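Taking it in order: structure first as structure tokens, then the write-up.
Every chain is numbered from 1, with letters handed out A, B, ... down the list of sequences. The structure displayed is predicted, hence computed values, not measured ones.
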Number of protein chains: 2
Amino acid sequence: MKEQQLNKILTKAQDICNHSGGRLTTKRKGILELMLLSNVPLSAYEITDKYNKSTDSSMAAMSVYRILDFLETEQLVHKLSSTNKYVACSHIACSHSHEIPQFLICGKCQSVKEIAIAKRIADELEQEVANAGYKLVNSQLELQCICEKCS
Amino acid sequence: MKEQQLNKILTKAQDICNHSGGRLTTKRKGILELMLLSNVPLSAYEITDKYNKSTDSSMAAMSVYRILDFLETEQLVHKLSSTNKYVACSHIACSHSHEIPQFLICGKCQSVKEIAIAKRIADELEQEVANAGYKLVNSQLELQCICEKCS
DNA sequence: AATCTTGCTGATATATCATATCATTGCTGT
DNA sequence: ACAGCAATGATATGATATATCAGCAAGATT
Ligand SMILES: [Zn+2]
Ligand SMILES: [Zn+2]
Ligand SMILES: [Zn+2]
Ligand SMILES: [Zn+2]
């Protein structure tokens with residue numbers, strides 16, 4: 001990722017937080033940056049290690065969890081519940097509003113692609129769920145895939 | 001669940017294991033039965049506790065994990081990776097072959113419904129994934145829902 | 001500026017989920 | 001009975017996540 005692009009994203013993230021009243025502190029920004037620069041999702045403890053090595057600090061995992069909670073609330077990062085890892089949102093600098101994301105997770109290289117599936121498919125899925133007597137409240141999908149490079 | 005129905009399922013489970021060469025031992029059967037009788041998914045440790053209380057034994061969680069691995073391989077139970085819990089398959093006694101399951105998980109009462117979505121939707125989803133340059137390898141979905149009772 | 005309030009972080013403990021490894025037991029076919 | 005293999009026991013450790021209370025720092029109120 002280019003320096004310029006990263007800065008653009010971080011600036012936009014700052015805007016988002018300002019708008020919501022949250023504070024993108026130095027530590028929170030540092031964690032977000034680190035996640036943006038990673039090409040695979042990271043566990044909270046991996047994030048902790050990376051952060052501490054990169055800054056010669058010693059933040060406890062507890063703090064990282066709290067920061068991840070915050071960033072998740074701001075939709076700047078997402079949690080992948082199938083792998084218990086966390087990934088920076090791919091659409092921070094986009095102007096469109098954030099839809100419910102779907103994730104394509106490569107089983108070989110662990111890379112993740114965040115997409116938004118066609119509304120038609122989401123609707124059909126919701127209908128299917130309704131047929132089963134349930135009401136869909138969150139259609140975040142985590143799909144086990146193989147990426148182009150690895151296939 | 002009626003006694004008779006339970007026995008039918010356990011007999012079918014026995015058949016499935018015989019056919020695959022696996023052994024449905026007393027302990028494995030006990031774990032499966034316990035899971036069939038639960039109306040919510042259980043964690044490995046919850047299963048361990050329930051089993052030990054119900055039989056006055058003291059199986060270690062390690063053994064339960066191994067047994068769950070076995071039962072999963074035989075497709076008699078499924079793991080819900082979004083909650084780290086395990087649930088008995090709803091289609092053990094069915095004659096049809098086991099498709100890739102999808103799970104509707106109620107966020108209030110934790111009840112789970114195992115369904116198989118229309119092939120058309122699965123195909124469309126796969127196409128969507130292909131458009132993104134990925135190849136879908138497993139379309140097990142875990143959908144956050146509200147069930148009829150809770151809504 | 002001093003104080004207040006709120007939200008952020010530190011620090012520690014503990015709960016929860018999962019795997020590694022080696023020893024022991026018990027079927028199963030010869 | 002014996003050998004071989006599958007299942008279980010036993011113990012240790014690793015990985016993920018939450019609870020709780022104390023200290024601190026930034027923005028708001030006086
Ligand atoms: Zn996103
Ligand atoms: Zn890949
Ligand atoms: Zn099933
Ligand atoms: Zn419910």
Using the ring of each side chain (for Trp, its six-membered ring), is His98(B) parallel, tilted or perpendicular to His91(B), with breaks at 30° and 60°? tilted
To the nearest Å, how far apart are Lys29(B) NZ and dA7(D) P? 16 Å
Taking only the side-chain nitrogens and oxygens of Ser43(B), find out if one of them lies under 4.0 Å from OP1 or OP2 of dC17(C). yes
Between CG of Asp69(B) and C1' of dA7(D) the distance, given in whole Å, is 13 Å
Nearest heavy-atom pair of Glu124(B) and Ile121(A): which atoms, and what distance? O-CD1, 3.7 Å
Would you kindly give the CD1-to-C1' distance between Ile67(A) and dG7(C), to the nearest whole Å? 13 Å
Atom-pair distance (CE on Met62(B); P on dA18(C)), nearest Å: 12 Å
Heavy-atom nearest nucleotide on DNA chain C for Lys79(B) versus Arg66(B): which residue maps closer to 5'? Lys79(B)
With side chain to side chain contact (heavy atoms under 4.5 Å, CB included) as the test, pick out the partner of Leu42(A) among Leu34(A), Val77(A), Val87(A). Leu34(A)
Both Arg23(B) and Ala44(B) contact DNA chain C. Taking the nearest nucleotide for each, which residue is further toward the 5' end? Ala44(B)
Provide, to the nearest angstrom, the distance between the CG atom belonging to Leu80(A) and the C1' atom belonging to dT16(D). 15 Å
Separation of dA7(D) atom C1' from Leu68(B) atom CG, nearest Å, is 15 Å
Assuming nearest nucleotide by heavy-atom distance, tell me which of Ala60(B) and Thr83(A) is located more 5' along DNA chain D. Ala60(B)
Tell me whether the OP1 or OP2 atom of dT9(C) has a side-chain N or O from Thr25(A) closer than 4.0 Å. yes
Looking only at side-chain atoms of Lys27(A), point me to the closest of dT16(D), dT8(D), dT9(C). dT9(C)
Given dC17(C), dC8(C), dT8(D), the nucleotide with the shortest approach to the side chain of Tyr45(B): dC17(C)
How many Å lie between CG on Leu42(A) and P on dA17(D), as a whole number? 13 Å
Indicate whether OP1 or OP2 belonging to dG10(C) is found under 4.0 Å from a side-chain N or O atom of Ser63(A). yes
In terms of side-chain heavy atoms, does Asn131(B) have a donor or acceptor partner in Gln127(B) at a distance below 3.5 Å? yes
Which one, dC17(C), dT16(D), dA7(D), comes nearest to the side chain of Tyr65(B)? dC17(C)
Asn52(B) atom CG is separated from dA10(D) atom C1', nearest whole Å, by 14 Å
Looking at the side chain of Met59(A), which of dC17(C), dG10(C), dC8(C) is the nearest nucleotide? dG10(C)
Is there a donor-acceptor pair under 3.5 Å between the side chain of Glu99(A) and the backbone N or O of Lys119(A)? no
Contacts of Phe70(B) and Asn84(B) projected onto DNA chain D by closest heavy atom; the upstream (5') one is Phe70(B)
